[in-house]
Colleague: 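Take a look at the following structure, please.
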Amino acid sequence: MDCKLRAKNCGGCPLLGLDYAEQLKQKEEKVRALVGKYGPVHPIRGMEQPYHYRNKVISTFATGWGGKLTSGIYAANSHKVLPVESCLLQDEVLDKTMQAVRAAANACRYQPYDEDKGTGLVRHCLLRRGVATGQVMVVLVTAQPVLPGAKNFVKALLAEAAQRGVTVTTVVQNVNSRKTSVVLGEAEKVLYGKGFILDTLCGKTYAISPRSFYQINHAQTEVLYGLAVEAAKLTGKEVVLDAYCGIGTIGLTAADHAKQVVGVELNRDAVQDAIGNARHNGVKNARFFAADATRWIREAAAAGEKADVIFVDPPREGSTPEFLASVARMAPKRVVYVSCNPVTLARDLATLTKLGYKAEGFTPVDMFPHTEHVETVCLLSKLNAKQHIEVDIHMDELDLTDAEKKATYSEIKEYVLEHTGLKVSSLYIAQVKQKCGIIERENYNKPKSDDAKQPQCPPDKEKAIKEALKHFGMI
């Protein structure tokens, strides 16, 4: 299937001209090439009907022929708006909805915003559709708070949509007066309906607001989350941690199969959505926290909190060494990594392997047909001491004194590196501990002879080590 927009440098579907079976083959081979050395890569899960899967559309307004308002997407590698009437990837209901929005905006004589001149009113339109519920949201992004004739616009929009067989559930005005390429601004006003729509995913119902992160391919998201929960091997007795939890979709999907679910997410709006979603679905064994996941997990681990399974669903940039080290400190039996970028997945796997986890297998999922993106579900299991061949055991971490039981030398090194960027040796740690009155065991890091010289810990590293000892409650 071909598209006229490709010839106009759309760039949204780089693989559209390739047979779908070949697309799947290439994506599976890409994942295998990057992570195959860590474990088996299972066959990719593709779509039966790989078209019109996007339940979210963002359209940018511009001036079209004869000064008439039009809208579309930016052409590849440019800031030129390419008018779009319909798209092979977009939900067909949203194509019709966007036609209705343009007709209503033209009827109200709204002018498109000009970034260079700073003139005009309407900037973008964001559309969302609940695939399971059929509910439709229209978000009109304006450059100023006042929307002239707002009631007339809503009335015209509803009428135009109805003529096209579409029922609009809610209309929201979003105000973005900044000179930025970011679509949404901070202020919002509900013009019609409740300001959100509902959708059902994996048996749970979710309230979706204009800012909510919600996967754009409903059918494949159910496949992805189903694989993730299956990989977790939940029995109903586990404590599950959902890191980067967003509005709680993975955690709430797992809640029926776990003893308790804890979600952590930096975005406070998303956390409020997650709490509301748990309440709406009657889920009582899930809690959500607005916090930086790395810091939250590190502090929870230091307080002795444990999780049996941790779901990790990071952005395309992947996770961080600090976050993965915090995960390892919590020592879950299993880590389920849901990746949207196999390159950063491979990078993070190298870290998790060093931290004592082994990849049991990978299942690629084609969430975005006709694009180069591919998701991957990976299960990692914690190795025990007999299994873990690469573990680095030091005599200085055996037969610990009372103070030393609070942190190993490796943990102190990790803390210092993470917080100061300094690398410190076991010798330097021993010297600082001795200065602080922490008794070292006989023969630990002793010089070979009484007159042998040892390097002394520099002041900056001594200060950093002391901060680590304070953090672990050793001084």
Colleague: Looking at Thr376, Leu345, Leu379, Ile310, which one forms a side-chain contact (heavy atoms from CB on, under 4.5 Å) with Tyr337?
Modeller: Leu345
Colleague: Please tell me whether Glu317 and Thr344 have a donor and an acceptor in their side chains that are separated by less than 3.5 angstrom.
Modeller: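 Distance-only check fails for Glu317 and Thr344.
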Colleague: When you measure from the side chain of Gln135 to the backbone N and O of Leu198, does any donor-acceptor pair fall under 3.5 Å?
Modeller: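 At least one qualifying donor-acceptor pair exists.
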Colleague: Does any N or O in the side chain of His218 come within less than 3.5 Å of the main-chain N or O of Asp199, such that one atom is a donor and the other an acceptor?
Modeller: no
Colleague: Using the rule given for ring pair (Phe, Tyr, Trp, His ring centres under 6.0 Å), can you reason through His79 versus Tyr74, listing the C-alpha separation, both sets of side-chain angles and the distance that settles it, and then say yes or no?
Modeller: CA-CA 6 Å; His79 217 58; Tyr74 290 115; 4.4 Å; yes
Colleague: Consider only side-chain N and O atoms of His42 and Thr363, and report whether a donor and an acceptor are under 3.5 Å apart.
Modeller: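 No donor-acceptor contact under 3.5 Å links the two side chains.
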Colleague: Write out all pairs satisfying ring-ring contact (aromatic ring centres under 6.0 Å, His included) with one or both partners inside residues 252-293, taking only residues at least two apart or from two chains.
Modeller: Phe289-Trp296
Colleague: Which distance, rounded to the nearest 0.5 Å, do you find between the CD of Glu265 and the CD1 of Ile247?
Modeller: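 That separation rounds to 10.5 Å.
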Colleague: Kindly determine whether Leu18 and Gln26 satisfy side chain to side chain contact (heavy atoms under 4.5 Å, CB included), including the steps that lead there.
Modeller: CA-CA 10 Å; Leu18 196 63; Gln26 289 187 10; 3.5 Å; yes
Colleague: Under the rule for ring-ring contact (aromatic ring centres under 6.0 Å, His included), what residues qualify as partners of His471, not counting sequence neighbours?
Modeller: Tyr415
Colleague: Under the ring-ring contact (aromatic ring centres under 6.0 Å, His included) rule, collect the residues that match up with Tyr225, sequence neighbours excluded.
Modeller: none
Colleague: Would you check if Glu372 and Pro14 make a side-chain contact, meaning some heavy-atom pair closer than 4.5 Å?
Modeller: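 Glu372 reaches Pro14 side chain to side chain.
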Colleague: Considering residues at least two apart in sequence or located in another chain, which fulfil the salt bridge (charged side-chain N to carboxylate O under 4.0 Å, His left out) criterion with Asp95?
Modeller: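 By the salt bridge (charged side-chain N to carboxylate O under 4.0 Å, His left out) rule, Asp95 matches no residue at all.
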Colleague: Measure from the side-chain N and O atoms of Asp273 to the backbone N and O of Ser212, and report whether any donor-acceptor pair falls under 3.5 Å.
Modeller: no
Colleague: Knowing that exactly one of Arg334, Lys233, Lys333, Glu360 qualifies, which makes a side chain to side chain donor-acceptor pair (under 3.5 Å) with Ser381?
Modeller: Glu360
Colleague: Check the angle between the aromatic planes of Tyr214 and Tyr206 and answer parallel, tilted or perpendicular using the 30° and 60° thresholds.
Modeller: tilted
Colleague: Please check if any side-chain donor atom of His52 sits under 3.5 Å from a side-chain acceptor atom of Gln90, or the reverse.
Modeller: no
Colleague: Just by distance, no angles: are the side chains of Thr119 and Asp114 close enough, under 3.5 Å, to form a donor-acceptor pair?
Modeller: no
Colleague: How would you list all residue pairs meeting salt bridge (Lys or Arg N to Asp or Glu O under 4.0 Å) that involve residues 37-63, not counting sequence neighbours?
Modeller: none
Colleague: Mind checking whether Pro369 and Tyr51 have side chains closer than 4.5 Å, heavy atoms only?
Modeller: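 Counting from C-beta outward, Pro369 and Tyr51 never come under 4.5 Å.
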Colleague: Is a salt bridge present between Glu160 and Arg164, judged by a nitrogen-to-oxygen distance below 4.0 Å?
Modeller: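 Yes, this pair counts.
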Colleague: Could you walk me through whether Tyr244 and Phe323 pass the ring pair (Phe, Tyr, Trp, His ring centres under 6.0 Å) test, one step at a time?
Modeller: CA-CA 11 Å; Tyr244 309 101; Phe323 172 82; 5.1 Å; yes
Colleague: For Thr170, which residues count as a side chain to side chain contact (heavy atoms under 4.5 Å, CB included) partner, sequence neighbours excluded?
Modeller: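 Scan of Thr170 (side chain to side chain contact (heavy atoms under 4.5 Å, CB included), adjacent residues dropped) gives Met137, Val172, Val190, Ile197.
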